[in-house]
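Structure first, then comments.
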Protein chains: 2
Amino acid sequence: MKFSSKTLEKAVEAMSALPSIGKKSALRLVLHLADNKGEKKKRLIDAIEALQNELKVCEKCHNYSDTNICNICFDPARNKKIICVVESVKDVMAIENTMQFSGVYHILGGVISPLEGIGPEDLNIYSLVDRLKNQEIDELIMAISPTIEGDTTIYYVSKLIDNAVSISTIARGVSFGGELEYADELTLGRSIHSRTEYNNSMSV
Amino acid sequence: MKFSSKTLEKAVEAMSALPSIGKKSALRLVLHLADNKGEKKKRLIDAIEALQNELKVCEKCHNYSDTNICNICFDPARNKKIICVVESVKDVMAIENTMQFSGVYHILGGVISPLEGIGPEDLNIYSLVDRLKNQEIDELIMAISPTIEGDTTIYYVSKLIDNAVSISTIARGVSFGGELEYADELTLGRSIHSRTEYNNSMSV
């Protein structure tokens, strides 16, 4: 790509350093910003600066927050005795959108992955153990991706906690609206293994 | 989408105001920036600020530039007597990448489109006429999209110039590597109409 301006080239480089933004998309975004008369650029700069300077991480659950304790951990209506353990902030948002969970969260910041050099000390695992020590907890719900790394992480946490708290994992099976023939064998096999009793008054 | 932080929400809003970035993509980009320890955010802020404060528009051809006259217009090796008229900066980059053109450019900034309320006065058409008056020009190559709006723009420019300079349009026809059966009728019809004599020494 030939650029008529170094400024333009640097902006495209900075933009294409973001995930899933290639050089062509970056160029389109940068030209859009360059064509725009100030307002959009200023909003974007202010927003990124706020991410830099104002965004905090909740001391309890490690969720992004505007305050030292996030609004979920702070909310008196939430059940503090049930902690849902997730990988990332995105997972918290996904679960919150279901409106099916009224406990609190703990964000690990990833899963144990020896191949990528991510060990337990790189994650918020020990702070989870501290929470269990300092507070009465009834249940840990492990809402972790059903991958080898995810299962390893769940195993590691369960060993570390050593039956101090009951641990559950989210149900794995065939998706609602999914067709059986397209489900992979492992999922389908597990969903038969973990079958639940039919209840015709059950709501979906 | 439920956000744990206003800062995060504002950043997602600012990011999703960019073209082809939806709310979900914006969230991924923002969380990537938030997770990143400073460096990427700073580079992006600096780059957008440079777009705001340092990027200039070439006085002659309206290309983005670091200087008042862009490096194409400034280059003594380029033929200043042939002007290629294009819609946008992106088109200049596309033509430069072909390395088939050694003249200079003129960027209109769009095409005449009554439906979108874009008239000749919104484009850099009169500055093109000024260039033709002030300087000896041999040819205008109209490298404008083959649309109704594009054709209207070419017609308007040709009327305004009134045969003062010879005008050509870029060839329209079947793409290299394209298959005839998939070419649309208009293109195929025109490409038969504008057939060129076969020359077996012609390089592709």
With no hydrogens and no angle check, is any side-chain donor or acceptor of [X] less than 3.5 Å from a backbone partner on [Y]?
X       : Y       : result
B:Tyr64 : A:Thr7  : no
B:Lys41 : A:Leu51 : no
B:Asp66 : A:Lys6  : yes

Looking at side-chain heavy atoms only, is the closest gap between [X] and [Y] below 4.5 Å?
X       : Y       : value
A:Met15 : B:Arg43 : no
B:Leu44 : A:Leu18 : yes
A:Ser5  : B:Leu55 : yes

Let me check something: any side-chain donor-acceptor pairs from residues 132-146 of chain B under 3.5 Å, sequence neighbours excluded? List them with distances.
residue, atom, partner, partner atom, Å
B:Asn134, ND2, B:Asp130, O, 3.2
B:Glu139, OE2, B:Ser168, OG, 2.8
B:Ser145, OG, B:Glu87, OE2, 2.6

Do you know which of B:Ala34, B:Ala50, B:Ala94, B:Ser20 has the most heavy-atom pairs with chain A at a distance under 4.5 angstrom?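 Highest number of heavy-atom pairs under 4.5 Å: B:Ala34.
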Pick one of side chain, backbone, both or neither for B:Asp35, based on which atoms fall under 4.5 Å of a heavy atom in chain A.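 For B:Asp35, heavy atoms of backbone and side chain both lie under 4.5 Å from chain A.
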Interface moiety of B:Ile72 toward chain A, non-hydrogen atoms closer than 4.5 Å: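 Contact with chain A involves no heavy atom of B:Ile72 at all.
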Part of A:Lys10 within contact of chain B (heavy atom distance under 4.5 Å):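 A:Lys10 touches chain B through backbone heavy atoms alone.
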Contact class of A:Val30 relative to chain B, heavy atoms under 4.5 angstrom: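 Answer is both: backbone and side chain atoms of A:Val30 are under 4.5 Å from chain B.
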Which pair of heavy atoms, one from A:Pro19 and one from B:Leu29, lies closest together, and at what distance?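 Shortest heavy-atom contact: O-CD2, 3.4 Å.
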Residue pair A:Ala11 / B:Ala47: nearest heavy atoms and the distance that separates them: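 Reported closest heavy-atom pair: CA-CB, 3.6 Å.
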Counting only heavy atoms not in A:Tyr126 (residues, nucleotides, ligands), do more than 12 fall under 6.0 Å from its OH?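 It does: A:Tyr126 OH has more than 12 such atoms within range.
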After noting the C-alpha distance and the side-chain angles of A:Leu27 and B:Met93, does the key distance pass the side chain to side chain contact (heavy atoms under 4.5 Å, CB included) rule? CA-CA 11 Å; A:Leu27 177 65; B:Met93 293 176 73; 3.9 Å; yes
